[in-house]
Amino acid sequence: MGSSGSPLTVRHGGTSAVSAPPGTGALTGTFVRLKLSLLRNGLRQSSGRTAAYVTSAVLVLLFAAGQLLGLVLLRGSEHAAAVVVLLTALIAIGWAVLPLFFPGGDETLDPTRLVMLPLRSGPLVRALLVASLAGIGPLFTLCLVVGAAIALAHGAAGVVAAVLAVPLALLVCVAAARAVAAGNVRLLTSRRGRDLAVLSGLLIAVGAQFVNFGVQRLTRPGGLDDLEPLAEVVRWLPPASALGAVDSASGGAYGTAAAQLLLTAVVLGALLVAWRRSLEKLMSAPDGSTLAAVSAPTAGARRGRVAGGDGTAPESRWWPAGRTGTVMRRSLQYMVRDPKTKAQLISWLAVGLIVPLFNALQGTGSIYFACFAAGMLGTQMYNQFGQDGDAFWMVAGTISSSRDAHVELRARAYALLLIAIPFTAVVNVGTAAILGDWRSLPDAVGLSLALLGAMLGTGAIASYRLPYTIPQGSGFKAAAPGQAGIIWGSVFGGMLGGALLCAPVIALTVWVNVSDAAAGSPARLAVLLLGTGYGLLLGWAGLRLAAPRTAARLPEILAAVSKG
């Protein structure tokens, strides 16, 4: 595929032949059907996967409907234009950044899958763009953009502008996501690029929390007035400029509205051109990351440094003997060396630290917000076998009984606890120091440890009930097609289940805080001890319950985690 958009030349032996590409309409229909087929076939693999996907889809659509209603209710508000314009800008940023590091995408949108196909770049871009519009994410965005347009459209001119603005804004969001993904796919699929994703994921997690705290400030009386100066600038940045055009047309500024719509259309065209050029380069240029290989002496020297003078793995007195110590070391190495596991761990650490501490600094928090840290780290117990990927067959080959499965899961939980317990303690102490609430520190720590134990137990169960693939060949996908809903269903369902399991400790903590007779240090120390013991009990019970079922479902788990 060259820059002129000519079809690829396919060589057969010593001769070459030009394969005529299909028409644009046929190609577009093929890609749409391919995407729907991949989704349908992914859901057919198990009833649990179907239930998780449907549940997540229903929750997203309900949230979208609520946002749509809220935006419609903004109609006629003094600050409606500022809120709508900035919301559209945030949506566009999310589309351009989040697909690189969070679940999303599918095989039809991965350009590396299309390298050997005789397709012209122009029709390919159009087909991929249309296929990208089929999904929950675009439908969610469409609901928000439609609600934003309804909030601003007044009069015939405003309605006309809204009819043009809605598809333009949606297409800019989708095109930006695909252009960024295609332009960075070589970087993101390399080892160095995936390591850079760790920093990017951390920045996204931190940025999301800043947005959260900004929203909290805006909900205060008079807070929306602070949006107006920023909105005046953002209304000229696509795709927010499309919604700005609706507001301008409703106010009679027809020239301004036309300029804003034209600017959005120009940026859409530029994104499509950039996307097309990225595809041409990706599908015709050699991959430089495969040209340079590490020399044997360097690799040997590295093995010697890691393992010792003779390159063998030394035994460490700091690890338990047998399978437990081996599994713990392997799990910790995943956290350090695997880019996706490392990115997720660092992001959760950042979020777990930022939420309680920033709320405390703003004077709106509570020491019990520190439980958020335990909850974030507890999610790392979910999908324990998915991080092994295709290599899980080697682990599965060593599990022949319920006891083997129990030791495997228990050792993985131990490895996570080596990080989670100190981190939870630090966050609790830091939050108490900022708030000056040292009195509530014991029961806050007890509640956090109870939640952590509940998450470990439910995570062990979710690991065998809802396993999913973590593709290693793509830097911008975290699940195989049809499996994205499993991630959210597993994590959020587990967090809800963990919270429900901790209800006795929560009730005890509330009683200690509202009862004058039980507000003293002995009662709070009792919450610490009982919460810790209760967390250990929940973790132990979850591991015991998961072990026999894990051993019995090894073939099913192996099939689920090896599809990437």
Side-chain angles (χ1 to χ4, degrees), residues 64 67-68 70-98 125-126 129-130 132-133 137-180 183 211 214-215 218 224-276:
Q67 295 297 306
L68 173 61
L71 290 170
V72 171
L73 294 177
L74 276 177
R75 184 178 176 86
S77 172
E78 177 184 0
H79 301 289
V83 172
V84 163
V85 165
L86 293 178
L87 177 62
T88 306
L90 287 176
I91 294 172
I93 293 173
W95 267 97
V97 178
L98 294 182
V125 166
R126 288 190 289 272
L129 181 63
V130 175
S132 302
L133 296 175
L139 180 59
F140 176 79
T141 304
L142 179 63
C143 291
L144 294 184
V145 176
V146 168
I150 294 175
L152 297 181
H154 299 279
V159 172
V160 172
V163 171
L164 297 174
V166 168
L168 275 176
L170 178 61
L171 290 175
V172 167
C173 289
V174 176
R178 301 311 160 204
V180 171
V211 170
V215 170
L218 293 174
L224 291 177
D225 293 333
D226 299 335
L227 293 179
E228 296 296 340
L230 180 60
E232 290 298 323
V233 177
V234 175
R235 68 173 59 243
W236 287 97
L237 301 177
S241 56
L243 277 302
V246 178
D247 184 53
S248 299
S250 299
Y254 305 126
T256 302
Q260 289 171 318
L261 286 174
L262 180 60
L263 177 61
T264 308
V266 169
V267 169
L268 174 59
L271 287 172
L272 294 177
V273 170
W275 185 10
R276 175 175 175 173

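Since we're looking at a predicted model, the values are computed, not measured.
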Side-chain touch [X]/[Y], heavy atoms, less than 4.5 angstrom:
X	Y	answer
Pro239	Trp95	no
Leu68	Leu144	no
Cys143	Gln67	no
Trp236	Thr256	yes

Search all heavy atoms of [X] against all heavy atoms of [Y] and return the closest pair with its distance.
X	Y	value
Gly158	Ala153	O-CB, 3.8 Å
Thr141	Cys173	CG2-SG, 4.5 Å
Val246	Ala165	CG2-CB, 3.7 Å
Ala169	Val145	CB-CG1, 4.0 Å
Val267	Pro238	CG2-CG, 3.4 Å
Ser250	Leu152	OG-O, 2.9 Å

**Request:** Only pairs at least two apart or in different chains count here, so list each side-chain hydrogen bond (donor to acceptor under 3.5 Å, both in side chains) that has a residue in residues 260-273.
**Result:**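 Only Ser241-Thr264, Ser248-Gln260 qualify under side-chain hydrogen bond (donor to acceptor under 3.5 Å, both in side chains).
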**Pairs where residues 242-263 contributes a residue and the test salt bridge (Lys or Arg N to Asp or Glu O under 4.0 Å) is met, not counting sequence neighbours** =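 For residues 242-263: Arg235-Asp247.
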Residues in side chain to side chain contact (heavy atoms under 4.5 Å, CB included) with [X], at least two apart?
X	value
Leu87	Leu71, Ile91
Leu171	Leu129, Leu133, Leu268
Ala151	Leu74, Val84
Ala157	Ala249, Tyr254

**Prompt:** Roughly how far, to the nearest 0.5 Å, is the CG atom of Leu164 from the CG atom of Leu262?
**Reply:** 12.0 Å
